[in-house]
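Worksheet for the structure shown next.
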Amino acid sequence: MHTNSDSYQAILQTLASIPAGKVCTYGEVAKLSGNPGKARYVGHILKKLPQTSKIPWHRVINSQGASSFPENSEHFLVQIGRLEQEGIQVKNGKISLKEYLWRG
DNA sequence: GTAATGACCAGGC
DNA sequence: AGCCTGGCCATTA
């Protein structure tokens, strides 16, 4: 962004390449983009994305295999809804990383 | 300039 | 399973 424009671009690129029907954790996105340990930065970028962005933010979940949003929030419902629509099984708000994690 | 805040994570207990 | 701790790092106050 300001100090690390290169990291920003790399992370954005990785986010954009997550295929439908798969999910990726914040930490994985950071690692895959060549920025291990910058999971929080990934979160920052996603938070600041404009509504018009085509980045599939809903395919990013935390290392627990769950949404990082409050359980009944608007974002939470939209995220889970979209994932299910892409064929991902969500049981009890949790997603199987074994099955759906995208490793690049 | 410092201090607090997150769409985070791994490890320990 | 849960809860706490320390580390992480750009952004914000």
Side-chain angles (χ1 to χ4, degrees):
Chain A
M1 200 65 126
H2 200 256
T3 52
N4 286 317
S5 181
D6 45 343
S7 295
Y8 177 79
Q9 292 296 338
I11 291 172
L12 216 59
Q13 213 282 321
T14 298
L15 287 171
S17 57
I18 303 174
K22 288 291 183 178
V23 296
C24 197
T25 66
Y26 296 87
E28 272 296 308
V29 170
K31 195 181 299 180
L32 289 173
S33 65
N35 300 279
K38 295 194 179 183
R40 287 194 107 132
Y41 187 30
V42 175
H44 264 287
I45 292 174
L46 289 174
K47 184 175 186 178
K48 296 207 69 178
L49 282 180
Q51 301 290 353
T52 61
S53 175
K54 302 165 197 64
I55 298 297
W57 59 267
H58 58 281
R59 299 188 188 130
V60 184
I61 61 180
N62 61 32
S63 65
Q64 316 300 309
S67 168
S68 282
F69 292 110
E71 195 163 333
N72 287 325
S73 67
E74 194 71 27
H75 282 324
F76 176 88
L77 296 174
V78 172
Q79 179 169 34
I80 299 303
R82 285 189 186 177
L83 291 178
E84 288 178 333
Q85 187 177 328
E86 293 180 354
I88 295 175
Q89 281 193 2
V90 184
K91 33 176 92 169
N92 247 338
K94 305 240 175 99
I95 296 164
S96 169
L97 293 178
K98 278 287 192 190
E99 282 201 56
Y100 302 108
L101 179 63
W102 178 69
R103 297 178 180 78

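Note that this is a predicted model, so its numbers are computed, not measured. Sequence lines set the chain letters: A, B, ... in the order given, protein chains first and strands last, and positions in each chain run from 1.
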Checklist line | Value in whole Å for how far the P atom of B:dC8 lies from OH of A:Tyr26 | finding: 5 Å
Check: Taking only side-chain nitrogens and oxygens of A:Ser68, does any of them come within less than 4.0 Å of OP1 or OP2 of B:dC8?
Finding: yes
Next item on the list: Report yes if a donor N or O on one partner sits less than 3.5 Å from an acceptor N or O on the other, where the partners are the side chain of A:Tyr41 and the base of C:dA10; otherwise report no.
Entry: no
Check: Does any non-hydrogen side-chain atom of A:Ile45 lie less than 4.5 Å from one of A:Trp57?
Finding: no
Next item on the list: Figure out the CZ/C1' separation between A:Phe69 and B:dA7, and round it to whole Å.
Entry: 5 Å
Notebook entry, point to check: Would you say A:Gln89 has more than 12 foreign heavy atoms packed within less than 6.0 Å of its CD?
Noted result: no
Margin query: Please give the distance between the C1' atoms of B:dT5 and C:dC8 as a whole number of Å.
Written below: 13 Å
Next item on the list: May I ask you to verify if any side-chain N or O of A:Ser63 is less than 4.0 angstrom from the OP1 or OP2 atom of B:dC8?
Entry: no
Margin query: Categorize A:Ser67 for me: base, sugar-phosphate, or nothing, with a 4.0 angstrom heavy-atom threshold over every strand shown.
Written below: nothing
Note to self: Just the rounded figure in Å: distance from P of B:dC9 to CG of A:Leu101.
What the structure shows: 11 Å
Next item on the list: Look up atom CD in A:Glu28 and atom OG in A:Ser33, then write down how far apart they are to the nearest 0.5 Å.
Entry: 10.0 Å
Notebook entry, point to check: Could you give the CD1-to-P distance, from A:Ile11 to C:dC9, as a whole number of Å?
Noted result: 11 Å
Next item on the list: Please determine if a side-chain N or O atom of A:Lys48 lies less than 4.0 Å away from the OP1 or OP2 oxygen of C:dT12.
Entry: yes
Item checked: Distance, rounded to the nearest Å, where A:His58 contributes NE2 and B:dA7 contributes C1' -> 14 Å
Next item on the list: Considering only atom P, compute the distance from C:dG6 to B:dA7 and round it to an integer number of Å.
Entry: 22 Å
Next item on the list: Select one nucleotide: of C:dA10, B:dA7, B:dC8, the one nearest the side-chain heavy atoms of A:Leu46.
Entry: B:dA7
Next item on the list: Indicate yes or no: does A:Glu86 engage A:Lys22 in a salt bridge with an N to O separation below 4.0 Å.
Entry: no
Check: The side chain of A:Trp57 lies closest to which of these nucleotides: B:dC9, C:dA10, B:dA7?
Finding: B:dA7
Margin query: Rounded to whole Å, how long is the line connecting atom NZ of A:Lys47 with atom P of C:dT12?
Written below: 9 Å
Check: Can you check the A:Leu49 CG to C:dT11 C1' distance for me, whole Å?
Finding: 15 Å
Notebook entry, point to check: A:Arg40 CZ to B:dA4 P: how many Å, rounded?
Noted result: 15 Å
Margin query: Measuring from atom CG of A:Asn72 to atom CG of A:Leu77, what distance do you get when rounded to the nearest 0.5 angstrom?
Written below: 6.5 Å
